[in-house]
Amino acid sequence: MTKLLGEQQRGVYVAPTRSTLGQFILDERLPARRPSLRDSTAASYEQMTRTYITPTIGTAKLQAIDGATLNAFYGRLIKEGRTESRRDLGAGLSPKTVRNVHGLLSRAFRDAVRWGRVHRNPCDAADPPRGVSPEMKA
């Protein structure tokens, strides 16, 4: 009780919620941000959320996600995140695609902090994969 009162006095108290990450992105954030996004960008965000985020960590409670959860998620996407099979491509996603997912999550959690849904952005504690430039071919 003392901890909750202290958080409330400091202005960092966040009421517990049952909202999941997938619900927050698809039902709250995308509809709120859609007027300021291009149609193609909104469709891309929705596709990334439904394809990569919702099946894995989309059912986790929004307030329960931390940096370690995101690091494990990124590692899983790198190893086995591909949803379609193509020749000469492994089972995992490219680091660039995983960085795009990280960018989407980072912006979503930034909005969640602004809207009072979470205390801090867990993407700040996560380490997305480094981008790898392909070798130049002449």
Side-chain angles (χ1 to χ4, degrees):
M1 179 72 136
T2 304
K3 180 182 172 187
L4 293 176
L5 289 174
E7 287 178 356
Q8 190 173 23
Q9 288 176 349
R10 288 190 312 268
V12 296
Y13 173 74
V14 176
T17 180
R18 293 182 177 216
S19 179
T20 65
L21 177 61
Q23 289 172 337
F24 174 74
I25 294 173
L26 292 174
D27 298 339
E28 294 180 44
R29 184 180 183 270
L30 280 179
R33 302 283 295 154
R34 191 171 295 275
S36 63
L37 298 173
R38 291 183 180 168
D39 291 338
S40 61
T41 303
S44 174
Y45 288 170
E46 185 173 346
Q47 183 268 334
M48 273 195 293
T49 302
R50 291 187 191 280
T51 305
Y52 305 125
I53 298 170
T54 302
T56 52
I57 63 170
T59 57
K61 298 216 183 286
L62 185 65
Q63 296 173 341
I65 296 175
D66 59 1
T69 303
L70 292 176
N71 285 337
F73 171 60
Y74 298 151
R76 184 174 176 190
L77 288 179
I78 290 284
K79 286 184 182 176
E80 55 191 49
R82 188 169 302 283
T83 57
E84 75 280 350
S85 61
R86 292 186 186 171
R87 274 189 254 170
D88 300 331
L89 295 177
L93 296 174
S94 71
K96 172 68 172 138
T97 303
V98 177
R99 288 188 67 81
N100 290 345
V101 171
H102 172 76
L104 169 65
L105 288 173
S106 182
R107 287 185 292 276
F109 277 112
R110 185 177 57 210
D111 286 342
V113 170
R114 282 190 4 218
W115 299 343
R117 299 290 199 288
V118 294
H119 175 70
R120 63 181 193 86
N121 187 340
C123 291
D124 295 339
D127 300 315
R130 298 175 86 188
V132 178
S133 299
E135 185 177 326
M136 297 290 291
K137 295 180 182 178

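Any value given below was found using the heavy atoms of this structure, including those in side chains, with hydrogens, waters and symmetry copies removed.
To the nearest 0.5 Å, the span separating CD1 on Ile53 from OG1 on Thr20 amounts to 11.5 Å. Between atom CZ of residue Phe24 and atom CG of residue Leu21 there is a gap of 8.5 Å, rounded to the nearest 0.5 Å. We find the CG-OH distance between Leu30 and Tyr45 to be 9.0 Å, quoted to the nearest 0.5 Å. Annotation: the span from Ser44 atom OG to Leu104 atom CG amounts to 8.0 Å, rounded to 0.5 Å. Interatomic distance, Phe109 CZ to His102 NE2, rounded to the nearest 0.5 Å: 11.0 Å. A distance of 5.0 Å separates OH in Tyr52 from CG in Leu93, rounded to the nearest 0.5 Å.
Checked against salt bridge (Lys or Arg N to Asp or Glu O under 4.0 Å), Arg110 has no partners two or more places apart in sequence or in another chain. By the salt bridge (Lys or Arg N to Asp or Glu O under 4.0 Å) test, Arg107 is found to be paired with no residue, residues two or more places apart in sequence or in another chain being considered.
Heavy-atom minimum distance, Pro129 versus Ile78: CG-CD1, 4.0 Å. Residues Ala126 and Gly67 share a closest heavy-atom pair of CB-O, 4.1 Å. Heavy atoms only, all atoms of each residue included: Ile25 and Ala108 are closest at CG1-CB, 4.0 Å. A pairwise comparison of heavy atoms in Ala112 and Leu62 identifies CB-CD2, 4.4 Å as the closest pair.
Residues Val118 and Ile65 have side chains not in contact (no heavy-atom distance under 4.5 Å, counting atoms from C-beta outward). The shortest distance between side-chain heavy atoms of Val98 and Pro128 does not fall below 4.5 Å. Proximity of Thr69 to Pro122: side-chain heavy atoms (C-beta onward) are nowhere separated by under 4.5 Å.
For the side chain to side chain donor-acceptor pair (under 3.5 Å) test with Glu28, the passing option among Arg33, Gln23, Arg117 is Arg117; the others fail. Each of Ile57, Asn71, Thr56 was scored for a side chain to side chain contact (heavy atoms under 4.5 Å, CB included) with Arg76, with one residue passing: Thr56.
Listed by first and then second residue, the salt bridge (Lys or Arg N to Asp or Glu O under 4.0 Å) pairs involving residues 48-61 are Glu46-Arg50 (not counting sequence neighbours).
Donor-acceptor pairing under 3.5 Å is lacking for the side chains of Thr97 and Asn100.
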